[in-house]
There are 2 protein chains.
Amino acid sequence: MGARDARKGRTTVTLEDVARAAGVHYSTVSRALDPNAVRRVSADTRKHIQAVAEKMGYQPDMVATGLKRGRTQTVAAIVADLGNPSIAPVLRGIASRLEPAGFMSLFAETQDDSSRLERILNHLLSRRVDAIILTAARVGDSRILRRFVGHGIPVVLALQGLPGIRLPSCTNDDLLGGTLAAQHLIALGHRRLAQLRGPADVQSLSRRAEGFSKAIAAAGATEVVVQSTAPLGTADDGRRLMRVVLDSKRARPTGIFAHHDLMALGALTLAEERGLRCPRDFSIIGYHDVPNLERLVPALTTIRQPLEEAGRAASEMVLHILNSPSRQPRSRRLAPTLVVRQSTGPAPEPALQTVRKSRR
Amino acid sequence: MGARDARKGRTTVTLEDVARAAGVHYSTVSRALDPNAVRRVSADTRKHIQAVAEKMGYQPDMVATGLKRGRTQTVAAIVADLGNPSIAPVLRGIASRLEPAGFMSLFAETQDDSSRLERILNHLLSRRVDAIILTAARVGDSRILRRFVGHGIPVVLALQGLPGIRLPSCTNDDLLGGTLAAQHLIALGHRRLAQLRGPADVQSLSRRAEGFSKAIAAAGATEVVVQSTAPLGTADDGRRLMRVVLDSKRARPTGIFAHHDLMALGALTLAEERGLRCPRDFSIIGYHDVPNLERLVPALTTIRQPLEEAGRAASEMVLHILNSPSRQPRSRRLAPTLVVRQSTGPAPEPALQTVRKSRR
DNA sequence: TTGGATCTGTCAAACGTTTGGCTTATGCAA
DNA sequence: TTGCATAAGCCAAACGTTTGACAGATCCAA
């Protein structure tokens, strides 16, 4: 009869129940139900057992399996901040790739606090998760992670790389993102550019800046860079930086690259307050494709990062490691795409194009 | 010595290892480490064992514990669509409440597909989760859920109630939300209102409409209602509905209530295209407090729903059920709040106020 | 008939805990 | 000293699987 377990009389049917009903030993049931079992049970018995199990509604107990096999079919997704709108698509990517492989995902939030990360990791160790996908890597965390990796459980980084430790990662190609932004503005004829940078100590932003600047230089255009110190992405910051640009004595730039859509938004409103019209007088391009901003007038041209894809790719790596632990998978950089909307247009003074051609 | 388990030589220290090192039986270690164990171990040994365990870095194996105790300290959060920006805050609320209680959360996405929901539930059964929080309830799902509840595992509904089945839920008070919107507009002197409704077959929207209409009627004001059939919340839909309102032969309403911010946005742009200025000529109020829209000009007045709070409250219920399974907790309705920004202002023609006073 | 192979299936030992029952030691009253 | 309660700790049986080792049956060649 169905076993009655600890939980308030919940009824569970076990291997033994099925075995009794089918008139075989429970180990035979186990084998009959294991899709890739060694051939130890005849086709007839197998079919019979499967029928009985089906009829009784047998569900294997994955926690027992986990204990025996040492594999829980669980991976943890650790994020810094669930409030960050970039995160949900990543989680979705993770779930969509892992689910068909029979895995489920636990989630936890570090709130950008290393001690919380450590607590979470210990807890996950205790839960015997099979792997970890970490989107919350901070520079100081490599020590903690190292100990964790020492326990033999795979860690894959998503979105954020981490310098202090060799871990497979799946990040966005910010160099390319910056390049795309620059090439777009150049192609529209802009030759005097400005870059509204995020804080310097974030690796991805440095690369973003580098990609932009290199492409600008390669085209023989000029660029002024202003830099924020605040955490990336407030509109106020964008205003502030844009003010610096407009107040400068140098010739006003016609193409603006903001490291974040909300900065672009702030910059845009400030410029319009000063009587400049976008895209007539200047073009501006943001980064991130923040949701709902496509509703603005003018809708923001931006660089979109493949977030869901990042989650999928990270999961892919996890599965790869789990299936063939011999070698680490290669880290990947995912290509962002340019999303052209209405905030970018042809440069206002085409005459300049030819003048500055050969500066390099 | 540390046991070497199945997973590629990963080293785990077990109760037995600690027991050997401490010179006691492993059951004693188990008791010494259990904070609320019956008094079976002296203070001295307990302290000694704790020290040894600490030094060896012992971490209890929660899957073994789960097997023995029949409790996995895991709850599952099932959502319809991780892409929905409302969901992340709910997840955060869930994690924040559950984590201090020693629980972690699994997540899964139904993609609004009942058969996927069923698969997921079976899988969760197999994993012996302690409870489920479901934000993805659809009308047709009560049958599936009933079977599941029959297995004795608690299900709590968040955000969406479900008519066919008695389940504790934690939803937003849409009636109040509609009322708040109406009262705000009334207080500003508006007497001719319009309501841009979402589709009729969604319960929460009906209540939203009801709350609004009742408050309007109570104030003796008039209202025209136009209704969408599309799934809630596209700007195009808002445009379409607003066009109907403006094209009507009746006197133009001065106060608009849209069932969703994006609808409000669409309505707003259409009205401005027709030469009306907001909030000078008309006021409009949305619903949902969709992120980033506060950057618009004019920034949208809206109704904010306590999403994170919903997650926390649902978790609270789960913990309550788990701790005292005797009685179901009462369902809760969470109060939304009015967020006043710039899209609402005093009604343009104050004279009308007195004229229509006693229509009821 | 004997002696392997091969094919099916059973047996039982794990996996790492929790926990009821048991044993021994200790304290204390008579 | 005995008797007895109580405290402290050990023993071993679970929990539901997986899986190596073994056993019986069948078949076939020698």
Side-chain angles (χ1 to χ4, degrees), chain A residues 1-7 10-20 22-49 53 56-73 125-128 130, chain B residues 1-7 9-20 22-49 53 56-73 125-128:
Chain A
M1 318 282 124
R4 206 155 269 277
D5 71 26
R7 290 151 294 193
R10 191 195 300 186
T11 293
T12 316
V13 19
T14 72
L15 276 186
E16 197 167 347
D17 299 322
V18 178
R20 212 180 347 255
V24 295
H25 193 262
Y26 63 89
S27 68
T28 306
V29 178
S30 173
R31 290 198 159 96
L33 262 29
D34 183 351
N36 48 7
V38 274
R39 308 187 43 64
R40 290 278 268 290
V41 32
S42 70
D44 283 358
T45 5
R46 179 179 295 254
K47 209 170 300 173
H48 172 225
I49 291 176
M56 300 180 69
Y58 171 74
Q59 297 270 24
D61 182 331
M62 290 190 67
V63 2
T65 306
L67 177 58
K68 189 63 179 113
R69 284 227 171 116
R71 273 232 194 174
T72 53
Q73 300 289 104
L125 217 49
S126 198
R127 282 180 176 269
R128 308 292 188 250
D130 294 336
Chain B
M1 319 284 123
R4 208 153 268 277
D5 70 26
R7 293 151 289 195
R10 191 196 300 187
T11 293
T12 315
V13 18
T14 72
L15 276 185
E16 196 167 351
D17 299 323
V18 177
R20 214 182 344 257
V24 296
H25 192 261
Y26 64 89
S27 67
T28 307
V29 178
S30 172
R31 290 196 159 98
L33 263 28
D34 183 351
N36 47 6
V38 274
R39 304 189 45 63
R40 290 278 269 286
V41 33
S42 71
D44 282 0
T45 5
R46 179 179 295 252
K47 209 172 299 172
H48 173 224
I49 291 176
M56 299 179 71
Y58 171 75
Q59 297 269 27
D61 183 330
M62 290 189 68
V63 2
T65 306
L67 176 59
K68 191 65 179 104
R69 283 230 172 113
R71 272 231 193 176
T72 53
Q73 300 290 104
L125 217 48
S126 197
R127 282 179 176 269
R128 308 292 189 249

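Computed over heavy atoms, backbone and side chain alike; hydrogens, waters and symmetry mates excluded. Residue numbers start from 1 in every chain, and the chains themselves are labelled A, B, ... in the order their sequence lines are given, proteins ahead of strands.
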Report task. Give one of base, sugar-phosphate or nothing for B:Ser30, where a contact means two heavy atoms less than 4.0 Å apart. Result -> base
Report summary line: For B:Leu67 and A:Ala64 the tightest heavy-atom approach is CD1-CB, 3.9 Å
Query raised in the report: Whole-Å distance between C:dG16 P and B:Asp17 CG?
Result: 8 Å
Report summary line: The nucleotide from D:dT17, D:dG9, C:dT17 with an atom nearest the side chain of A:Tyr58 is D:dT17
Requested in this report: Apply side chain to side chain contact (heavy atoms under 4.5 Å, CB included) to the pair B:Arg128 and A:Asp61, showing each step before the final yes or no.
Outcome: CA-CA 7 Å; B:Arg128 308 292 189 249; A:Asp61 182 331; 3.3 Å; yes
Report task. Show your reasoning for whether side chain to side chain contact (heavy atoms under 4.5 Å, CB included) applies to A:Leu15 and A:Val18. Result -> CA-CA 5 Å; A:Leu15 276 186; A:Val18 178; 5.7 Å; no
Query - Contacts of B:Ser27 that satisfy side-chain contact (heavy atoms from CB on, under 4.5 Å) - sequence neighbours left out - result: B:His25, B:Arg31
Query raised in the report: Between C:dC7 and A:Ser42, is there an OP1 or OP2 to side-chain N/O distance shorter than 4.0 Å?
Result: no
Query raised in the report: Do B:Ser27 and D:dC11 have a side chain to base donor-acceptor pair shorter than 3.5 Å?
Result: yes
Query raised in the report: For A:Leu67 and C:dC15, what is the distance between atoms CG and C1' respectively, to the nearest whole Å?
Result: 4 Å
Requested in this report: Nearest whole angstrom, please: distance from the C1' of D:dG16 to the CZ of A:Arg71.
Outcome: 20 Å
Query raised in the report: Whole Å only: how far is the NE2 atom of A:His25 from the P atom of D:dT19?
Result: 16 Å
Query raised in the report: Counting only distance, no hydrogens or angles, is the base of C:dT10 paired donor-acceptor with the side chain of A:Arg31 under 3.5 Å?
Result: yes
Requested in this report: Find the distance A:Arg46:CZ to C:dG9:C1' and express it as a whole number of Å.
Outcome: 13 Å
Query raised in the report: Is the phosphate of C:dT8, meaning OP1 or OP2, less than 4.0 Å from a side-chain N or O of A:Thr28?
Result: no
Query raised in the report: Within this structure, what is the CG-to-P distance between B:Asp61 and C:dC15, rounded to whole angstrom?
Result: 12 Å
**Report entry** Rounded interatomic separation in angstrom, taking CG from B:Leu33 and C1' from C:dT19
**Finding:** 15 Å
Requested in this report: Would you tell me if any nitrogen or oxygen in the side chain of A:Arg69 comes within less than 4.0 Å of OP1 or OP2 on D:dT19?
Outcome: yes
**Report entry** Rounded interatomic separation in angstrom, taking OH from A:Tyr26 and C1' from D:dA14
**Finding:** 12 Å
Query raised in the report: Judged by atom type as modelled, is there a donor-acceptor pair below 3.5 Å linking the side chain of B:Thr72 to the main-chain atoms of B:Gly66?
Result: no
Query - Phosphate-side-chain proximity, A:Thr45 and C:dG9, N/O vs OP1/OP2 below 4.0 Å - result: yes
Query raised in the report: For DNA chain D, whose closest nucleotide is more 5', that of B:Ala64 or that of B:Val24?
Result: B:Val24
